[in-house]
Amino acid sequence: MKAEALAVFLGAVFVNNILLTRFLGLCPYLARSGEVETAFGLGTAVAAVTALATPLNLALHRYLLVPLGLEHLGYLVFILVIAALVHLVEILLERVSPALHAALGVFLPLITVNCAVFGTTLFALDRHCSLLSGAAFGLGSGLGWMLAILLLAGLRERLAASDVPEPLEGVAITMMVTGVMAMAFAGFAGMGG
Amino acid sequence: MLLGTGVFAGLFVLLAAGVALAERLLLGTRPRRITVNGGARRLECPPGASLLEALTDAGLLLPASCGGRGICGLCKVKVCSGAGGATAAERPLLSAEEQAEGYRLACILRPAGDIAVDLPEETLAARLYTAEVAHTRAVTHDVREVSLRLLEPRGLRFRPGQYVQVLCPSLDGPVFRAYSIASPPGEGDRIDLVVKRVPGGAGSSYLHWLRPGHRVHLAGPYGGFRLSEDPGVGLVLVAGGCGVAPVLGIARYVAPRWPGRRVWVFIGVRSGGDIAFREELLALGRGAPGLTVHYVLSEPRRGDRWAGPTGMVHEAVERLLPSLAPGVEAQAYLCGPRPMIEATRRVLLAKGVRDVWADTL
């Protein structure tokens, strides 16, 4: 059971990286990856929300919606839970680090509609995860997203000082870099998960 | 159906209650007290609101031409106590000295406790005005002069070189945009603005669209430049791009008052088609022998037949402005893009001009 959860966790971080293999949660990934510091903050927030929302949504689905025959309400309930968690993280961040709260700006409440968070819940449901492996999957998926945005932020800090051809500046070179990273992550395919 | 609605509503209430409880526990509900200028004004800021919102609600109109989104950097406020250092979002807009003195952007700062701030006198004096467009005219292919007549309240007392903020409609709702006053003080209820069209810009598109009879709302005056009233002090006025408006305002004020006062005006534009107000400044110079006017073209076209100085405006200042003799004082006012300001400031310092005020566009 525990070994399975560990495999699911590692698989979610590397093999099935939610961003680099599924390309989910791209918008904040592109917009807030200019500096490692900010990327780290956003990555932590997304990872925290994903890690909490996935098992909570799984539990609600299994113990509330299915017994009452209300599976069709799933999406609504999941978004509601995610929105509440995002708000909690926002309040917590404002209390703990007002500087980071200000730096993340509108991208913090926008985690609510980050498809990486919602997607993780749906993938976990799809795989009929147990609560434990669902929690591991949520945490791994969130940390995987954080890993991807941190990698990109590190690269972009270097890109800022390098001579990029004019037509490729900005989003274009960022997408190309993301593509190369995705190919590198494809090397993990087949390893567990 | 009923069961589904009930379950969903129950969950909603439960989560909302949880969030509200967390908010109350973590952030508190007591409004933060703001002390302005050592107790001259005291006001309250609800939890979660920005300092700019609290000041605006109290009628203290800070300049903020980006609408409080942390872009323009005009709403900088000196915080004496109660707030930490500048955040990553503010640092690019504050100089190292300002950061060391505790300056913050009021639109970004959300006070976590009671704070004390220092506001400039002119901010405390700024008011909201309603004006009517008296007339407008095209100055160049992309610059328009807009003359306004104040309706309510009457009479705007300002110093040469100051600016107002015009309330402009935009897709995000009304936003303030800053424009320098090009007319000299003391013309009753009339003020002139000079507006360069910026493609897609909310403010310039609106002001270019205005026609006589339209009503506008503006706040002001703002700007900390204080012109020396001593005619013995020379004056160097340098404008880049659409920075010509305040320079024009100062020249229009100084030339008739002190015809013999040494005034050097440098105006940097791209090419011949961008030259604005040259005839008027040259006419001012004919009436005031102390006034010298130089237009500097950075990219003259063949059709311009330009024999005057070319290159960047700070290079022209270096070539054409005489070095100050010992004991001679001069004051400089710069208005333009940041690189131009920095380069010109260095040139002026090397020439012995120490009193330099700059408004960055």
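Because the structure is predicted, anything quoted here is derived from the model rather than measured. Here is how names work: the chains are called A, B, and so on, in the same order as the sequence lines, proteins then strands, and each is numbered from 1.
Listed by chain and residue number, nothing satisfies the ring pair (Phe, Tyr, Trp, His ring centres under 6.0 Å) test with A:Phe123 (two or more places apart in sequence, or in another chain).
Crowding of B:Met312 atom CE: a count of heavy atoms from other residues, nucleotides or ligands under 6.0 Å not exceeding 12. At most 12 heavy atoms of other shown residues, nucleotides or ligands fall within 6.0 angstrom of atom CZ in B:Phe12.
One finds the CG atom of A:Leu88 at 10.0 Å from the CG atom of B:Leu21 (value rounded to the nearest 0.5 Å).
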Let me see the donor-acceptor pairs closer than 3.5 Å between chain B and chain A, or none if nothing turns up.
residue: B:Leu26; atom: O; partner: A:Arg95; partner atom: NH1; Å: 2.9

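Both the backbone and the side chain of A:Leu68 come within contact range of chain B, with heavy atoms under 4.5 Å apart. Using a 4.5 Å cut-off between heavy atoms, B:Val7 touches chain A through its side chain atoms alone.
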Could you please spell out the steps behind the side-chain contact (heavy atoms from CB on, under 4.5 Å) verdict for A:Leu60 and B:Leu11?
CA-CA 10 Å; A:Leu60 279 174; B:Leu11 259 178; 4.2 Å; yes

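Using a 4.5 Å heavy-atom threshold, the side chains of B:Phe8 and A:Leu80 count as touching.
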